[in-house]
Amino acid sequence: MGLPLSYSLRNVGARRGRTLMTAGVVALVVVACSLFLGLISSLKRTLVSTGDARNIVVMRKGSDNDGSSQLTLEAYQAIRFFDGIARDAQDQPLASPELVVQPFFRTREGGRENVLVRGVEPVALAVHDNVRIVEGRMLTPSSGEAIVGRGVLGRYAGASLGDDLEFGRARWHVVGIFDADGSSFESEVWVDVRELANDAKRPFPYSGVRIRVARPEQLEPLIRRIDDDPRFALEAERETEYYAKQSESANTLYVLVVGIAVLAGIGAGFGAANTMYAAVQARTAEIGTLRALGFSRGAILTSFQVEALAVAAIGFVLGALCSLALSACLRRLLGGIGFGAATFTVNVITLRVSAADLLFALLLALVIGTAGGFGPAWRAARLRPIEALRKA
Amino acid sequence: MDATPGAPLIQIRDVSRRYVRGVDEVHALERVSLDIPAGHFVGFMGPSGSGKSTLLNLVSGIDRPSEGDVIVAGQRLNDLSEDELARWRARHVGLIFQFFNLIPVLSARDNVALPLLLTKLDKAERVRRAETALRVVGLEDRLDHYPRTLSGGEQQRVAIARAIVTDPDLIVADEPTGDLDARNAEAILDLLRQLRQHFGKTVVMVTHDPRALRFVDDAYHLDKGVLLEGEEAARAQEAIRVSAGAAGARGPR
Ligand SMILES: Nc1ncnc2c1ncn2[C@@H]1O[C@H](COP(=O)(O)OP(=O)(O)O)[C@@H](O)[C@H]1O
Ligand SMILES: [Mg+2]
């Protein structure tokens with residue numbers, strides 16, 4: 001049997017100051033790492049949740065997002081009567097023609113941000129049925145009205161109920177506020193599609209069409225039929241896939257953040273190593289005694305490694321608590337956080353540090369502890385009993 | 001490790017120990033030969049730097065000789081690997097140090113129970129034996145005390161309890177009274193003598209405490225790494241006796 005866990009833990013507790021300092025450094029890495037990962041995964045969650053499994057996105061062939069696609073009126077007129085499209089009570093097909101532009105909005109703080117403005121027809125609310133008007137009413141076509149998502153509300157000049165938004169060449173009167181289950185629609189401003197096309201002087205009236213299929217098994221055939229139609233060079237895909245692809249750019253950020261976290265972790269590892277070297281130095285005689293009493297090198301190695309891990313674990317707990325508290329504060333103070341990296345437009349996301357983000361931070365902390373503790377633990381284990389005892 | 005009383009428990013055969021320090025070589029021990037009978041209380045005496053600790057460390061298997069052999073209860077220590085030697089120490093040797101070397105973060109009971117972690121005994125039995133050992137050294141009312149809350153004499157008694165808790169045949173003590181006042185030093189020497197008298201332990205002690213002569217069965221004298229014999233040994237012993245005003249210890253051989 002080796003040295004008891006309590007021996008390691010009590011030694012950690014015995015040098016409270018150093019332990020807290022080292023744990024503090026680990027905690028900082030944990031906070032930074034979990035907050036940034038939380039931000040990115042919140043963004044991914046927002047984007048991914050925007051897609052509906054029953055919907056199809058139709059764009060011009062070769063476009064990879066709404067913003068760069070163009071569609072003619074004829075194309076829209078043709079595909080909206082294809083088989084397999086769901087219909088509303090009035091037997092109108094649930095095909096929503098949409099135009100996306102990305103003008104600059106002036107933020108309340110005086111900055112400028114690209115906001116996604118979506119031109120729609122009333123049918124949009126039926127196709128995107130997670131979008132609900134929570135205050136005011138739906139916009140009336142051809143009357144210069146706009147509805148704004150919850151994330152946009154209050155963030156930009158004029159973005160509140162009854163106020164006027166200025167973008168493009170016109171003023172838009174805000175008549176309603178909508179939410180959309182936390183999806184990225186909440187970061188958008190919706191106006192009448194024809195008015196928007198006029199205002200933006202677009203040669204083509206639409207960017208794309210969103211379609212609700214009647215039954216799930218009709219999704220694939222419909223996509224194939226649109227893809228294969230020789231007249232318009234269109235491309236269709238599942239809406240969930242479309243947003244999943246949009247969120248892929250967040251993966252690069254992931255790698256970047258993980259890279260930075262690892263770098264910071266290496267720094268923290270040196271901190272942990274330093275503390276543990278000091279502990280080994282201070283306890284040379286004690287280690288010699290343990291070896292003389294018959295404890296093996298493995299037992300010494302393990303016990304010091306456990307000490308380092310315990311310090312890292314304390315750091316993780318402190319850091320995790322801090323980042324949960326910080327993210328709660330940020331949510332409360334800022335509401336949403338503008339995040340413009342994944343698409344050209346700003347996504348207003350709700351920061352949530354998830355279990356997976358914390359798990360990564362935990363792994364990082366444990367690696368810091370293991371790597372930082374190994375050198376000192378190895379040195380301790382290699383101490384020869386007589387050398388160690390001479391220093392008593 | 002059973003040896004018939006009086007037969008040599010420890011055989012030291014032509015043992016030398018040299019330390020290499022850079023280009024210099026320190027001859028800490030030069031061809032020392034010695035038999036120590038089972039059940040004796042033996043003292044190694046001599047001036048500082050004479051090689052006493054070095055010899056003791058060879059006997060307890062903490063260190064290895066550069067030349068020669070140490071045989072304890074028939075076991076040639078040179079035949080054991082590093083790990084085997086550690087296990088051998090855990091089973092057969094109880095160690096007592098000048099500076100007590102207790103583990104600061106463990107209570108008296110846990111300090112004493114520490115060597116039992118290397119046995120197969122369960123926790124209840126380990127605690128029982130640790131408490132028994134502490135009773136033997138008269139510290140049954142200090143079980144939960146931490147080293148820093150104990151006096152030097154008490155700490156050394158905890159260390160003695162730790163040394164006897166595994167019931168080893170051999171107890172080695174390096175300057176066990178070196179850090180204690182006169183009253184505590186005598187109490188510790190008396191305790192070591194009792195271990196030999198009541199429990200039949202072989203006790204090997206390094207000391208330059210003249211009082212020790214009144215307690216040990218045999219005293220050996222080292223000087224500059226050499227074991228003194230005959231005239232020289234008698235003269236060394238006489239010098240100590242005079243300095244201490246002590247009497248009663250038998251001379252070597
Ligand atoms: N680990 C070591 N490395 C180098 N020299 C040592 C070492 N241990 C002891 N010595 C030297 O060996 C000699 C004997 O030391 P030691 O046995 O500790 O003497 P004593 O215990 O009688 O005071 C001394 O000169 C000491 O400096
Ligand atoms: Mg010495």
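Below, chain A is the first sequence line, B the second, and so on; all start at residue 1. Atom set for the values below is all heavy atoms of this structure, side chains included, hydrogens, waters and symmetry mates excluded. If you're wondering where the values come from, they're calculated on a predicted model, not measured in any experiment.
- If you measure heavy-atom distances from Leu85(B) to chain A, you find no contacts under 4.5 Å at all.
- Contacts of Arg162(B) with chain A are made by side-chain atoms alone, with heavy-atom separations under 4.5 Å and no backbone atom involved.
- From Arg17(B), atom CZ reaches atom OG of Ser66(B) across 4.5 Å, with rounding to the nearest 0.5 Å.
- Of the atoms belonging to Arg384(A), it is side-chain heavy atoms, and not backbone ones, that fall under 4.5 Å from chain B.
- The aromatic rings of Trp88(B) and His92(B) sit tilted, their planes meeting at an angle between 30° and 60°.
- Under a 4.0 Å N-O distance rule, the pair Arg297(A)/Asp83(B) does not qualify as a salt bridge.
- Counting heavy-atom neighbours within 6.0 Å of His27(B) NE2, excluding the residue itself, gives a total above 12.
- With a 4.5 Å cut-off on non-hydrogen atoms, Leu95(B) touches chain A through its side chain but not through its backbone.
- Both the backbone and the side chain of Ala292(A) come within less than 4.5 Å of a heavy atom of chain B.
- No other option in Asn57(B), Leu114(B), Leu106(B), Thr54(B) has as many heavy-atom pairs under 4.5 Å with chain A as Leu114(B).
- Looking at Asp110(B), the atoms closer than 4.5 Å to chain A (heavy atoms on both sides) all sit in the side chain, from C-beta outward.
- Proximity of Leu55(B) to Ile12(B): side-chain heavy atoms (C-beta onward) are separated by under 4.5 Å at one or more points.
- Heavy atoms from other residues, nucleotides or ligands lying under 6.0 Å from CZ of Phe36(A) number 12 at most.
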